[in-house]
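Read through the structure below, which is laid out as structure tokens, and then see the notes.
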2 protein chains.
Amino acid sequence: MKDQEWLAEILQVKDEEKLTDKQKKIIAAAIEIFSEKGYSASSTSEIAKRAGVAEGTIFRHYKTKKELLISIVGPIMAKLIAPFIIRDVDKVLKKDFDHFEDFLRAMIENRREFIKNNLPVLKILLQEIPFHPELKELFMEHIAKKLYERFKRVVEHFQKKGELIDMPSNSVIRLTASSIVGYLLAKYILLPDARWDDEKEIERTIAFIMHGLGAKQSF
Amino acid sequence: MKDQEWLAEILQVKDEEKLTDKQKKIIAAAIEIFSEKGYSASSTSEIAKRAGVAEGTIFRHYKTKKELLISIVGPIMAKLIAPFIIRDVDKVLKKDFDHFEDFLRAMIENRREFIKNNLPVLKILLQEIPFHPELKELFMEHIAKKLYERFKRVVEHFQKKGELIDMPSNSVIRLTASSIVGYLLAKYILLPDARWDDEKEIERTIAFIMHGLGAKQSF
DNA sequence: TCCCAAAATGAGTGATTACTCACTTCGATA
DNA sequence: TATCGAAGTGAGTAATCACTCATTTTGGGA
């Protein structure tokens, strides 16, 4: 783990709780080990050892191992959609962006830093969601649903403006999200060691989406 | 587990080994439990119990738990690229497909059934690849690399034909794969319970790719 | 300096883990 | 039908698991 900016970021979320020095070390160690071996294959004894802490200290602050997982992975979900909540999307639509293209560019730029800084935690989230129904519901109900609703309004706004193709918004969202998530997944997970000309790749991705969904033709 | 066509499919690969009845039950149980709880959280005792077999029987056929995992997940990789190996891609290009579009359609159609029948095993593969270097290398070296090479030749073929945009083949592949994998992931993993008008969604996806990468303009 | 609640400790708990092995059962062949 | 290697068994093993708790250490206010 060369880079530990994510620690600062996740701790910032939890600052209100005034964490002990050892608590911070526990969280840091847990993130490292969970993302290296997966939640189930990680033992509390190993986390304690890497944190330089007695095993009992972990259970003083977290009743169970799963509570430790959720305390790590929960806060990241809120931050994931924060920029879509804080500024109301309607205002964003009417003032800031003349074109869908600009909206996409701003969104990618906005979330890129966040993803880079929180990569290990996002990896854990992605890995564990299928196996923890509480996590899945937390994500689906409070994150995916809201993200979907807001994105849908953006899409329909630009469809009415005649900028986007006349296609069910579900499909527009799926195709747009696939392209963007595909880029992020390739860059950060599949081929993290490859050389990436990020600016060009992002522009290619945006151009691809706009040509694919532009309102030149109908289906 | 309503549908168990995948059992027939994976056993078909292993037929040469003349598996015992109990061996088949072990494999079936292991696939179910691995895909339900993940490899690490699955115990050999539970697998034995669900297979209706003594725990020792598992270790008569597989030295370790990990060997059982690999015996399940390994063969599926070969089948994943089989259609790209059996018929040489060059012949496919020169005879069967006049347009990139037709190639995409045939590829999606071809792999759809396979993915449907092998979903639990593919889920296990996807989940466990990050944590098992042997698996990762097996996949990267023998599957991803070959798939990439062949796909690259297809893309460059249609670029020379003037059908595809003048863009680095890496980016063309990334954008195409994102769109297709995005559709399959959404249909089978993210929203398996939603109603899908598959024919329309596939046509939308292909049209999206062709408009996005068609040779009308250059970058 | 004393005090005390919160923080931290680490030996100890029973349960569960992957895996072993001496033994029994099975089934094809001679 | 007798034989023999492979298939199957299940009690047993040491190690490790998440978690507990009586006890000690710590740090800030009086």
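Below, read A as the first sequence line, B as the second, and so on, with proteins coming before strands; counting in each chain starts at 1. Only this structure's heavy atoms are used, side chains among them; waters, hydrogens and symmetry mates stay out. Bear in mind that the values here come from a model prediction, so they are computed numbers and not experimental data.
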Under 3.5 Å, is there a donor-acceptor pair between the side chain of [X] and the main chain of [Y]?
X: Lys65(B); Y: Ser42(B); value: yes
X: Thr20(B); Y: Gln23(B); value: no
X: Tyr39(A); Y: Lys66(A); value: yes

Donor-acceptor pair between Thr44(A) and Glu55(A) side chains, under 3.5 angstrom:
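There is such a pair between these side chains.
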In short, Ser179(A) meets Thr205(A) closest at the heavy-atom pair O-CG2, 3.8 Å
With salt bridge (Lys or Arg N to Asp or Glu O under 4.0 Å) as the test, would you mind laying out the steps for Glu201(B) and Lys187(B) before giving the verdict?
CA-CA 10 Å; Glu201(B) 290 300 335; Lys187(B) 174 172 164 61; over 6 Å; no
Nucleic acid footprint by protein, nucleotides 13-29 of chain D - heavy-atom cut-off 4.0 Å, B for base, S for sugar-phosphate alone:
----SBBB-B-------
With a 4.0 Å cut-off, would you call Arg112(B) and Glu109(B) a salt bridge?
yes
Should the pair Glu101(A)-Arg105(A) be classified as a salt bridge under the 4.0 Å nitrogen-to-oxygen rule?
yes
Base, sugar-phosphate, or nothing for Thr20(A), non-hydrogen atoms under 4.0 angstrom?
sugar-phosphate
Length of the line joining Lys25(B):NZ and dA7(D):C1', which is rounded to integer Å
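Interatomic distance, NZ of Lys25(B) to C1' of dA7(D): 14 Å.
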When you list every nucleotide of DNA chain C with an atom under 4.0 Å from a heavy atom of chain A, which one comes first 5' to 3', and which comes last?
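With heavy atoms of chain A under 4.0 Å away, the range is dA7(C) to dG10(C).
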Taking only N and O in the side chain of His61(B), is any of them less than 4.0 Å away from OP1 or OP2 of dA6(D)?
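For dA6(D), OP1/OP2 do not have a side-chain N/O of His61(B) under 4.0 Å.
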